[in-house]
Amino acid sequence: MQALSKYRFWLLDVNYEVRDEDRKPELWMWGIDEEGKRVLLIDRSFTTYFYLILNSEEDPKAVLERAQQQKAELPFIVDLELTQLRLFGEPVCTIKVFCQDPELVPKYSGILSKIKGVQKCLEDDVRYSMRYLIDNDVTPCSWYEVDVEELVEHGKAQTDKLYIAKSMPRRLEREEIPPLRVLSFFPIYYASKGAPKPERDPVVIISTVTNKGEKRLLTANNYDDKELIQSFSEQIREFDPEIIVGYETNKQHWQYLTDRARKLSLDFPVDRARTLPHLSVYGHISITGRINLDVADLAEELPEVKVKTLENIADFLGVRSLDEQIVIDEIDFASFWDDAEKRQQLIRFSSEKAECILGIFEKMFNYAAELSKIVGLPLDQIGKAAVGFRIEWYLIREAHKTGELVPERVERPYVPYAGGIVLKPKPGIHENVAVLDFKSMYPNIMIDKNISPDTYVSPSEAQPPSDVNITPEVGHMFRKEPPGFYKRVLSSLITARDEIRRKMKRLDTESMEYRLLDARQKAVKVITNAAYGYAGWIGARWFRKPVAEATTAWGRDAVMRGIEAAGNLGLDIIYGDTDSIFIKHDPEKVETLSKMILENLGLEIKPEKVYTRIFFTEAKKRYCGLLPDGTLDTVGLEVVRGDWANVAKNTQEHVLELVLRERSPRRAVDSVHSIIADLRKQQVPYRDLIIWKTLTKPVSEYEVNAPHVEAAWMLEKEGWALTVGDKVGYVITQGKGRLYERVKPYTMTSYEEVDTEYYVTNQVLPAALRILSTFGVKEKDILTSEPTEKPRTLADFFGGK
DNA sequence: GCTTTGATCTTACCC
DNA sequence: ACGGGTAAGATCAAAGCG
């Protein structure tokens, strides 16, 4: 018998296997130890389970008896246990069914749910590895201590150390992230036509960069990529990275490279356990023992980046500015490879991309790791998991800690409900406007009013409890006590964030610890703010329409009361949206107002910012303000929209600057005029004429002819594969008819064909007039007069007085 | 047979 | 595959026009 020893490690990822011979599961934990050694810990002690929910009128013991009789025919059920738990706050009797083989859970739950007295099964859809993590309060990206026994013989896994876990992992209070090996790569395929196809087109370049500063370049032997692919997997085995990072690797590259290797009859051993990259939950590609991270997924967290190309992401994060980047369009890869000189450019391009990917990773990793730690999903899943699922996993963990059952996912019809209130703005220019924001409005309302599925009092209830909060407008009732599920969760999130921020105040803003905590408080904030949206999502396990409906109703009530109070104080209300009120600034009265609202509504509200000057059109949700530091804050207008040509966005930005900074609509008209002149002379860069739009469904499913859809058809015809979520860049060319008859993908035409008049009348003019029409400027004022070109009088011309 | 109008589809934004 | 509220353009078919 070997002596047990204690072992400390940082958890990277988990997976599980079921041994064929005895159908016993093993939980594999991949980690790094204190010495930076890679470790695989195997836990063979954990048995998964699910619950049978009993009908309340049944005698639990009788049902248990029936279940035990069934058990005789279900050999992998190891135990049955009567347990009291709660479902939506209500006590329920359950039978906890322990099942040795995780893969039999769906089958067994189906059989056992038919037993008389069993209402349904719950938690039978929690996977073995998640069950392990949740039940032992283990989250990825954290430090643990565990009792271990060395395992000598295994042979399947590539790892420095191999142990059998002999205890549950115990969480350690350690914050630092161990030194990880990160490898970034960027492949280039040679496609004779359209999108590359692995059965036809070779990989001609793979550039790799590691966070140890190692750069490598793998190139094909002209069009033979056999050695290249082999060298790539060899390099991965040799460097043995914990994290492999790329761009669109989930959507494209791993599948492509795997298929290509298969086509060439090559092994492709890039993981640590002799499996191939494989499709896993939420559509991410799993590489056993490593973390496969796709920066394209991480970039979904950056709404500021409208078109999420690698170049734009790198530019936005300050990794590498756009004008310092080589840009080669995918359409040109083949011709660049064919040409000896251009081939070098393509190689430089690919290695630059690999570096950008590593740079993006380094900017975003802390945040991703913190999110993974809070939510409990492994790093490679967290990026791919939709917001609703992230929240849900967080809630599932919280439920488990407090004896709440996880409700099943049910299909529900979509029934809309009312949301936030938006006031009509006062159009024109205003000076000194304060924006008062309710702090975390929806979470705080949910806490204050104890809004939750488990505190909801249905109108059908015979004797409604007396101590309830009654919702304005909609009348829903929620018990004041005890604290509901959402209240408990949200309070602890808000407390946790305040705590983190308190710690941050004592730290140097440049320190590693500060940045770690900053990433953490951001992750906590994201989860907190998404809870309301989750509560109103019909797909949510903890969905109750009145919960969402009541939250927004109280929100509208708060804003309306705030406005009323402001009016009583003589404050001028300019605008408001959901949780904000824009008022003419009067520091004293605003202070009074904040205090009144805090006292009367129990909600915090304070001036987040004061615009020195702000401009509104007649439209809601669109304005532009000048901040004291001289910057412009543009909201909703074309400038910030991704579906307008740059030429229009730039024009509007100039107009706003001249109107707000210089207070000169006249000079704004002049500037529009000169841009139009440039446009007509074809002096505006071609790239500034591209209009980008997202495909929100498969190309064939569109009901009407739309320009971007037509452009998508043309791309598909050329062999390009387009999927939902792809952005199509197109330009409008000269000719007759509807726009969709004159549209071309920007890669499939040239400047000569472009219809510049379309850009004048349908892009630049509307964007400019959106602002200038408020000042009485008409279309003809911009199109007819030419003040910058012609002096208006002879005196002007001769420089007379 | 043409233009005008309004409903509908579509996208991207705000909070 | 987290919510509702909103602006706006392009298309398409019906209405208007005599």
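Chain naming here is simple, since letters A, B, ... match the order of the sequence lines and numbering starts at 1 in each.
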Examine [N]: is either OP1 or OP2 under 4.0 Å from a nitrogen or oxygen in the side chain of [X]? Give yes or no.
| X | N | result |
| --- | --- | --- |
| A:Thr696 | B:dT11 | yes |
| A:Arg622 | C:dA8 | yes |
| A:Tyr414 | C:dG4 | yes |
| A:Asn762 | C:dG9 | no |
| A:His708 | B:dT10 | no |
| A:Thr694 | B:dA12 | yes |
| A:Arg770 | C:dA8 | yes |
| A:Lys697 | B:dT10 | yes |
| A:Lys306 | B:dC13 | yes |
| A:Lys620 | C:dT6 | yes |
| A:Tyr758 | C:dA10 | yes |
| A:Arg738 | C:dG9 | no |
| A:Tyr702 | C:dA10 | no |

Presence of salt bridge, [Y] and [X], under 4.0 angstrom:
| X | Y | result |
| --- | --- | --- |
| A:Arg409 | A:Asp125 | no |
| A:Arg641 | A:Glu638 | no |
| A:Glu753 | A:Lys744 | yes |
| A:Arg541 | A:Glu408 | no |

For [X], report the nucleic acid contact type (base, sugar-phosphate, nothing); a contact means any heavy atom under 4.0 Å.
| X | answer |
| --- | --- |
| A:Leu739 | sugar-phosphate |
| A:Tyr282 | nothing |
| A:Tyr740 | sugar-phosphate |

For A:Gly533 and A:Leu423, take the nucleotide of DNA chain C holding the closest heavy atom to each; which residue's nucleotide lies nearer the 5' end?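 By nearest-heavy-atom nucleotide position, the 5'-most residue is A:Gly533.
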Residue mapping more 5' on DNA chain C - nearest nucleotide basis, A:Arg556 or A:Val724: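 With A:Val724 and A:Arg556 compared, the 5'-side residue is A:Val724.
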Which of the following nucleotides, B:dC14, C:dG9, C:dT11, is nearest to the side chain of A:Trp644? C:dG9
Criterion ring pair (Phe, Tyr, Trp, His ring centres under 6.0 Å) on A:Trp692 and A:Tyr746, from CA distance to verdict: CA-CA 10 Å; A:Trp692 293 92; A:Tyr746 79 97; 5.5 Å; yes
